[in-house]
Amino acid sequence: GTAAGGTSEGPKALDELVVGFAQVGAESGWRTANTKDIQAAFKDADIELKFSDAQQKQENQIKAIRSYIQQGVDYIAFSPVVETGWDAVLNEAKAAGIPVVLTDRAVDSKDDSLYVTFLGSDFIEEGKKAGEWVVDEFADADKVNIVQLEGTTGAAPAIDRAEGFAEVIGADDKFEIVASQTGDFTRAGGKQVMEAMLKSNPDIDLVYAHNDDMGLGAIEAIEAAGLVPGKDIKIVTVDAVHDGMQALADGKINFIVECSPLLGKQLVDVISTLNDGGTPEKRIVTEETTFTQEQAVEALPDRQY
Ligand code: AHR
């Protein structure tokens, strides 16, 4: 039969489909929630899901994708750990007739025939929302020293969240990013980088962390230095996972830009559209909001993750 499904033989029954998913890792609360949601959505839809965890290493993800190609799965979905370096393996999938869906993160490739659709957040927009909050919050300040905890080097959300943020705060030169380093989207990474930054920068006004986990690590470092997170040093993060929202409600984080990990249902919809012979939109953007401390207190009891 045809690997793409839905052509000469018509759609397959959902319980005959096999999808291979190559996940980034388990680096953050966001990622864990994302994995759970995807696994649950496929289980609900009765579609077989082969799952692999690349432990934040591109070579592991490439291996996993190659193994899915070899096993002849019907579809491959993956969240690319970094943006570049995918053309070779994606061409192999294309040659095998296996459609690829990008979830959560994009690839940087000139050839957009290498994937069917990209389903996930607008990370530049997230960075802008963080920047807009900072501009408002520090409207009366003369000088604002900012440290940035970057996500995984080369990852779409790290690149785009830095870009969107810089664009907004760049309009006023009172804002200065005095230090910017990767904490690899982990709590331990955020803590370690923040400890070093506190030592070399005596006068930090704000931490912009590319995800909640690094912000939570930064809180530990700030408290260990005898300072009060959310007061002496303000903190803005991205994600709005449970522990981040709790810290926001507790006043230790000041603002969170939401990035939704709940992509499972939409991914299943994309797969069934393809199976039915349809064409999903090339770009499916996740809907997201932002949270103040008051909004976090209100939202926390109903959060799913
Ligand atoms: O790609 C999404 C990002 O990856 C999340 O914001 C971060 O927490 C995760 O590790």
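Numbering of ligands and ligand atoms starts at 1, following listing order. As the structure is a prediction and not an experimental result, all values here were calculated from the model. Position 1 is the first residue of the sequence; numbering continues from there.
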- prompt: So do the side chains of Glu16 and Asp74 get within less than 4.5 Å of each other, counting heavy atoms only?
  reply: no

### Val268 vs Phe42 side-chain heavy atoms within contact, under 4.5 Å
yes

*Give the C-alpha distance, both sets of side-chain angles, the deciding distance and a yes or no for side-chain hydrogen bond (donor to acceptor under 3.5 Å, both in side chains) between Thr35 and Gln23.*
CA-CA 8 Å; Thr35 292; Gln23 181 60 292; 3.0 Å; yes

Under 4.0 Å from one or more heavy atoms of Pro157, ligand 1 contributes atoms 1 (O)

Taking the six-membered ring for Trp, are the ring centroids of Phe165 and Trp133 within less than 6.0 Å of each other? no

**Asked** Is the shortest distance from a heavy atom of Arg161 to ligand 1 less than 4.0 Å?
**Response** yes

query: Any chain of hydrophobic side-chain contacts (each under 4.5 Å) joining Phe185 to Val24?
result: no

When distances are taken from atom 6 (O) of ligand 1, the protein heavy atom at minimum range is Asp239 OD1, 2.6 Å

Atom 2 (C) of ligand 1: closest protein heavy atom, distance to 0.1 Å, is Asp104 OD1, 3.2 Å

Under 4.0 Å from one or more heavy atoms of Ser28, ligand 1 contributes atoms 7 (C), 8 (O), 9 (C), 10 (O)

Practice task
Look at ligand 1 and say whether Val238 reaches it with a heavy atom at a distance under 4.0 Å.
Solution key: no

### Message
Does Lys63 qualify as a cation-pi partner of Tyr68, given the criterion of NZ or CZ under 6.0 Å from the six-membered ring centre and within 45 degrees of its axis?
### Response
no

Between Arg31 and the options Asp53, Asp239, Asp213, Asp104, the salt bridge (Lys or Arg N to Asp or Glu O under 4.0 Å) test singles out Asp104

Counting from 1 in the order shown, the ligand 1 atoms closer than 4.0 Å to a non-hydrogen atom of Asn211 are 7 (C), 8 (O)

among protein heavy atoms, the one nearest atom 10 (O) of ligand 1 is Glu27 OE2, 2.5 Å

So the atoms of ligand 1 within less than 4.0 Å of a heavy atom of Arg105 turn out to be 1 (O), 3 (C), 4 (O), 9 (C), 10 (O)

